[in-house]
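Below, chain A is the first sequence line, B the second, and so on; all start at residue 1.
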Amino acid sequence: MDPQPTRRPGETVFTVMMLLLSIFLLWNAYKISGFSSKSSPGAFPLAATLVMVVAGLVAVFNTLRLPEGPKGFSAFRSQVAPNLVLAFAGLILFYGLALESVGFILTSLAFLFAGMLLLHRQGIGRSLMYSVLSLALVYVTFRLVFKVVLPEGIIPERRILAEIGAVLGPYLGVR
Amino acid sequence: MEALKYFTMAWFDPNLLFLTAIGTFAGIYIGAIPGLSVTMAVSILIGFTFSWEVNSALALIAGIFTGGVYGGSRTAILLNIPGAPAAIATGFDGYPLAKKGEAGNAIGISTVMSVIGGFFGILVLAVGAPIISEFAVRVQPRDYLLLALMGVLLVGALSGESLAKGIWAAAFGMVLGSVGLDPLTVEERFTFGLPQLTNGISAIAVMIGMFGLSEALILLHDLDKKAIKQRVDNIVPKWSDIKKYFGLSMQSSAIGVTVGALPGTGGDIAALLAYDHAKRVTKNPEVPFGQGAKEGIVAPEAANNAAVGGSYIPMLTLGIPGDAVTAVIIGALFIKGLNPGPLMLIEKPHMFWFTVGNLTLANCFLLIFGLTGIKIFAKIVEIPKGVLLPLIVLLSVVGAYSINNSADDVLWMIAFGVFGYFLKLYGYQTGPLILGIILARLIDDNWRRAIISERGDMTAFFLNLVSSPLSAILLGIIVAVLLSKTPLWPKRAQTKARAEGST
């Protein structure tokens, strides 16, 4: 990474937040077993969080020494959290939340389609084609070859696979 | 004679030959796909090779292991996403080289160096196993502790813009790694009363989030920038390059096989140590490190494949896994009724020589597949980002889900992906964080073991740190690395370090 000439928008706030996180974790590490013994379950967390606090302090100090760059909410939005990132992150979150209940195939198809529509911007037809193709590839590789278990959701996928296996099995030599 | 027969067993048996080849080929792709790890693949394989005879299973696993350790470097070079932790160091210089249009060259060098490192590792395994095992027996808990701290410190010091942020990230990783029940006392640590946290946070979920998802989000920033087309012609590296870096590859292989032979440490640490070594010994690199120095590819690639041979040493001679993959292999051997340990070399020498022969064969296949299949492979890079990014997210989700078949791990992965996005944007490196998570357990265990073995006497602990030659050497390295990054180091050296280190 290039040496940084100026402070990034929101950097001071973030560095201070990380310092606060470190202090919070240090306090929690202390609560595990205090300073009871050098080999107690809390000794290692205490040491690690102490290092976090010290390093966090140094990071805040270093950040404050940097010349100020663009600041304010609009700079933060354009450089750190632009609409595209927010929209894509939102899509990912929905995907993760719906995965278990709706199932891998449907959510993945919807996610790929929406994601490609958002990022690739080549129209509905192409996005649909790419998403179906890539989903098929992933499904064959992981579900069928590597036998990775994926959430089934509302499509009775295992039953369909078993039926296909029963029909094709004798021809493919699969028991 | 007997040994030679077992050594070449897999070479002339068409079945074993095929399994080793297919294992190596699949390993390259498994290693290359972020989120799919060799450990995971081998674990799944143990399941469905359960009914196979032991030689076939071992042949397939040797191939996957060898190919997988190498495969991670390809995505590290082409996409700057290490497919496996062992490839983290390869991306430092591999990706800048690819951005300059020399991806083919980088992949070619990484292939040849991996094979050289691999053969070096096998040679040491075959010749020096008894000697190395003797060395490994004498390694004390405090030495493990020092070794792990050294690894964390090195990765913190060599990645990123700020040592403070690197150390912060490493320490945060260690805290994440200690979440859950303490393995010795079953006391809860950082669980905040949440039942989901009692089993800890899956390191793989965090890794996929930090390296897969957050990278995809970062890439959104230059979605509209025309991607530099990664040209991957000239795959076969120049003979002069190989000759030029042969010395460095030998040194790196030596580091790799030593680190690999130490229980608990594998290719990832070996690669990082070798990278740092290369950075120190290369006086005048043609291109500065971090901007596409070939030395920065040679060292980690030779080292991580040398570590494969190294990691078999403690497994076959002591019954202690050299790393996560050999831990899974030990499990498989137990199922087959074989007990790897000090007696195995005496009682079942054929197992040892069969393994050595197998790894040799896998390395030959690695050279063939590594230098031929690249054109198809590199097509991944030519997929437009708008299609690739949703696909990376999809693979990350599959990877995170398949660790424990749990949607919770997917949500952890997403959470750490978003967090990692901010960390990266604000200059906190994720490499040290991951290393911190992986090593937290090792550091914690060995710290307590070291303290308990000194009966809590800190004076004795420190006295031993200085009086034992191995501990003293390791401590010396740690102090030197720390000092070299602080104002206490002589000015001249520091200016030089800054010139190199602003990567």
* Identify which part of A/Ser131 has an atom lying under 4.5 Å from any heavy atom of chain B, answering side chain, backbone, both or neither. => neither
* What part of A/Phe113 lies closer than 4.5 angstrom to a heavy atom of chain B: side chain, backbone, both or neither? -> neither
* Relative to chain B, which segment of A/Phe61 carries a heavy atom at a distance below 4.5 Å: side chain, backbone, both, or neither? -> neither
* **chain A interface, residue from B/Ile451, B/Ile443, B/Ile452, B/Val393 that has the most non-hydrogen pairs under 4.5 Å** => B/Val393
* State the OH-CD1 distance between B/Tyr421 and B/Ile218, to the nearest 0.5 angstrom. => 6.0 Å
* Asked: Does a donor on one side chain sit under 3.5 Å from an acceptor on the other, for B/Tyr426 and A/Thr63?
  -> no
* What about the rings of B/Tyr428 and B/Phe422, do their centers lie closer together than 6.0 Å? -> no
* Structure fact -> Heaviest contributor of heavy-atom pairs below 4.5 Å to chain B, chosen from A/Met116, A/Glu100, A/Met18, A/Met52, is A/Met52
* Should B/Glu454 and B/Arg448 be marked as a salt bridge (charged side-chain N to carboxylate O under 4.0 Å, His left out) after you check the CA-CA gap, both sets of side-chain angles, and the distance that decides it? -> CA-CA 10 Å; B/Glu454 308 287 2; B/Arg448 281 146 92 174; over 6 Å; no
* Residue part contacting chain A, namely of B/Ile414, when any heavy atom lies under 4.5 Å -> side chain
* Looking at A/Ser127, A/Gly10, A/Ser108, which has the largest count of heavy-atom pairs under 4.5 Å with chain B? -> A/Gly10
* Most contacts with chain B, counted as non-hydrogen pairs under 4.5 angstrom, among A/Val58, A/Ile92, A/Leu99 -> A/Ile92
* Structure fact -> Note: vs chain B, highest number of non-hydrogen pairs under 4.5 angstrom among A/Gly96, A/Gly42, A/Ala81 is A/Gly96
* To do: Report the C-alpha separation of B/Trp412 and B/Phe419 in whole Å, then their side-chain angles, then the decisive distance to 0.1 Å, and conclude whether the ring pair (Phe, Tyr, Trp, His ring centres under 6.0 Å) test is met.
  => CA-CA 10 Å; B/Trp412 278 118; B/Phe419 186 47; over 10 Å; no
* Asked: How many angstroms lie between OG in A/Ser101 and CD in A/Glu152, if you round to the nearest 0.5 Å?
  -> 13.5 Å
* **Contacting region of A/Ala29 [heavy-atom separation from chain B under 4.5 Å]** => both
* To do: Examine whether an atom of A/Leu137 lies under 4.5 Å from a heavy atom of chain B, and if so say whether it belongs to the side chain, the backbone or both; otherwise answer neither.
  => neither
* Does the ring center of A/Phe24 lie less than 6.0 Å from the ring center of B/Phe192? -> yes
* To do: Would you sort out whether B/Asp444 and B/Arg449 count as a salt bridge (charged side-chain N to carboxylate O under 4.0 Å, His left out), showing the intermediate values?
  => CA-CA 9 Å; B/Asp444 191 9; B/Arg449 243 182 257 159; over 6 Å; no
* Given a strict heavy-atom distance threshold of 4.5 Å, which part of A/Ile32 is in contact with chain B: side chain, backbone, both, or neither? -> both
* Structure fact -> Answer key: most heavy-atom pairs under 4.5 Å with chain B among A/Val51, A/Val80, A/Val53 is A/Val80
* **Side chain, backbone, both or neither of B/Leu411 within contact of chain A (heavy atoms, under 4.5 Å)** => side chain
* Structure fact -> The interface call for A/Val138 against chain B, heavy-atom contacts under 4.5 Å, is side chain
* Asked: In this structure, are over 12 heavy atoms from other groups packed under 6.0 Å from A/Ile124 atom CD1?
  -> no
* Can you tell me how far the CG atom of B/Asp409 sits from the CD1 atom of B/Ile201, to the nearest 0.5 Å? -> 10.0 Å
* Check whether A/Gln79 gets within reach of chain B through its side chain, its backbone, both or neither, counting any heavy atom under 4.5 Å. => backbone
* With respect to chain B, which residue among A/Leu84, A/Leu91, A/Leu117, A/Leu118 yields the maximal number of heavy-atom pairs within a distance under 4.5 Å? -> A/Leu84
* To do: Side chain from CB out, backbone as N, CA, C, O: work out which of these in A/Pro82 comes under 4.5 Å of a heavy atom of chain B, or both, or neither.
  => side chain
* To do: Assess the side chains of A/Asn28 and B/Arg189: does a donor N or O sit below 3.5 Å from an acceptor N or O?
  => no
